[in-house]
Amino acid sequence: MPLVNTKEMFEKAYKGGYAIGAFNVNNMEVVQAITEAAKACNSAVILQVSAGARKYAKQGYLVAMVKAAIADTNLPIVLHLDHGDSFELCKDCIDGGFTSVMIDYSGHPYEENIEVTRKVVAYAHDTTNHPYVTVEAELGTLGGVEDDVKVKAEDAMFTNPEQVIDFVTRTGVDSLAIAIGTSHGAYKFKPGVEPYLRFDILEEVSKKLPGFPIVLHGASSVNQEYVQIINENGGKMPDAIGVPENLLRKAATMAVCKINIDSDLRLAMTAGVRKVFNEHPDYFDPRQYLGEGRKNVKTLVEHKIRDVLGSVDSAK
């Protein structure tokens with residue numbers, strides 16, 4: 001089975017009332033853990049690569065690992081660029097075999113966002129030199145830090161529902177990331193503050209764009225089990241708080257067809273590595289400590305698919 005784009009995947013998700021998990025990858029163990037969990041759940045899955053991951057692992061290695069995962073699992077898998085910040089980066093990924101890209105120009109003026117997004121869409125949808133590639137864009141700005149994405153809290157901005165029809169019509173994007181209260185990183189809410197999402201914005205957007213797939217970024221739940229393991233084994237992550245899973249499950253039953261999960265994977269991997277090093281200070285074989293992290297990630301992803309995303313058997 002070849003790599004697929006998100007078009008049919010999102011159509012099924014919208015009709016089925018579930019979301020596809022989009023998991024950030026940057027090494028072999030994480031790719032294996034995610035796709036093995038997806039296989040156990042018979043779930044379609046999106047493996048996404050940030051600009052930082054491309055620098056770390058190199059694009060050719062990442063593409064080859066994802067193709068190896070397809071050969072191993074025979075699942076419908078999308079290879080997606082997360083937060084592409086230029087036409088040139090998106091083009092390079094499309095030419096390199098990615099089947100979906102995100103152009104994130106949300107931090108620029110509205111008309112510039114439209115102009116650059118439209119240029120990416122035109123290239124991605126032109127099948128002269130490559131298959132049809134789906135494009136995601138963003139309206140509104142999420143706060144927080146993730147790889148090369150750094151947005152101060154005071155610069156974060158909710159999506160304006162009044163702009164969505166104009167934006168989607170003029171750009172031709174295939175999906176739209178909106179800002180309804182999620183944020184990047186492991187510190188999404190302050191202690192003592194009740195976490196919430198602006199479902200009123202999501203509902204308004206879905207009314208204006210019926211049947212159109214919506215995306216949530218910054219949607220890691222920051223599993224407290226792994227935070228505790230990290231802190232008990234030499235880490236210092238006080239007050240790490242994520243998005244409650246019940247809120248994400250609700251979003252998945254609405255117009256949200258893709259939920260991005262990144263920090264949870266990192267926490268699960270780091271918890272495994274720290275625990276092994278603390279309990280076995282004589283270990284020096286990467287297979288020993290990375291293997292433990294990989295098991296954590298697999299367990300986490302399977303839980304997300306079954307209990308949060310609701311995408312079990314979406315690979316049918």
Side-chain angles (χ1 to χ4, degrees), residues 6 9-10 12-14 16-24 43-48 50 78 80-84 100-104 106 134-147 149 151 156-161 164 167-168 173-189 195-209 211-223 241-265 300-301 303-305 307-311 314:
T6 62
M9 195 177 283
F10 286 172
K12 290 180 178 179
Y14 199 103
Y18 61 85
I20 300 296
F23 302 95
N24 283 69
S43 174
V45 70
I46 298 168
L47 299 182
Q48 55 186 32
S50 66
V78 173
H80 175 74
L81 170 66
D82 190 25
H83 288 290
S100 178
V101 296
M102 178 193 187
I103 175 64
D104 182 4
S106 60
T134 44
V135 179
E136 172 190 331
E138 183 169 314
L139 268 182
T141 309
L142 275 67
V145 178
E146 178 185 309
D147 283 350
V149 179
V151 179
M157 182 175 56
F158 288 119
T159 298
N160 179 359
V164 297
F167 185 85
V168 169
V173 292
D174 300 281
S175 61
L176 184 66
I178 64 172
I180 62 170
T182 56
S183 61
H184 297 296
Y187 300 88
K188 302 181 188 299
F189 298 96
Y196 75 100
L197 297 181
R198 290 287 304 274
F199 284 108
D200 58 316
I201 293 177
L202 175 58
E203 290 174 351
E204 188 65 23
V205 169
S206 64
K207 287 178 183 177
K208 292 181 180 298
L209 298 172
F212 192 82
I214 301 302
V215 175
L216 282 190
H217 284 251
S220 288
S221 297
V222 188
N223 187 294
I241 301 173
V243 182
E245 291 185 337
N246 65 304
L247 297 184
L248 297 175
R249 184 70 197 104
K250 180 178 178 179
T253 64
M254 299 168 70
V256 173
C257 296
K258 173 177 177 264
I259 293 179
N260 287 20
I261 299 171
D262 181 17
S263 296
D264 283 339
L265 305 182
L300 173 75
V301 172
H303 160 65
K304 293 289 185 182
I305 290 172
D307 303 322
V308 180
L309 302 166
S311 63
S314 58

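- The shortest distance between side-chain heavy atoms of Asp264 and Ser221 falls below 4.5 Å.
- Not a single donor-acceptor pair under 3.5 Å links the side chain of Ser100 to the backbone N or O of Thr6.
- Using modelled atom types and a 3.5 Å distance limit, the side chains of Glu136 and His83 yield no donor-acceptor pair.
- Listed by chain and number, the residues in a side chain to side chain contact (heavy atoms under 4.5 Å, CB included) with Tyr14 are Ala255, Cys257 (sequence neighbours excluded).
- Side chains of Lys258 and Ile214 form no contact here, defined as non-hydrogen atoms less than 4.5 Å apart.
- Scanning for side-chain hydrogen bond (donor to acceptor under 3.5 Å, both in side chains) contacts around Asn223 gives an empty result, with sequence neighbours left out.
- By the 4.5 Å heavy-atom criterion applied to side chains, Ile180 and Leu216 are counted as neighbours.
- Distance alone, capped at 3.5 Å, places no donor-acceptor pair between the Asn260 side chain and the Gly218 backbone.
- Residues Asp82 and Val101 are not in side-chain contact: their nearest non-hydrogen atoms beyond the backbone lie 4.5 Å or more apart.
- Of the possible donor and acceptor atoms, none in the side chain of Ser311 sits under 3.5 Å from a partner among the backbone N and O of Ile20.
- For the atom pair CD1 of Ile305 and OG of Ser314, the computed distance is 7.5 Å after rounding to the nearest 0.5 Å.
- Applying the side-chain contact (heavy atoms from CB on, under 4.5 Å) test between Phe23 and each of Ile46, Ile261, Ile259 identifies Ile261 as the sole match.
- In terms of the side-chain hydrogen bond (donor to acceptor under 3.5 Å, both in side chains) criterion, residue partners of Glu245 (sequence neighbours excluded) are, by chain and number, His303, Lys304.
- Side-chain contact between Val173 and Phe212: present, with at least one pair of heavy atoms (C-beta onward) separated by less than 4.5 Å.
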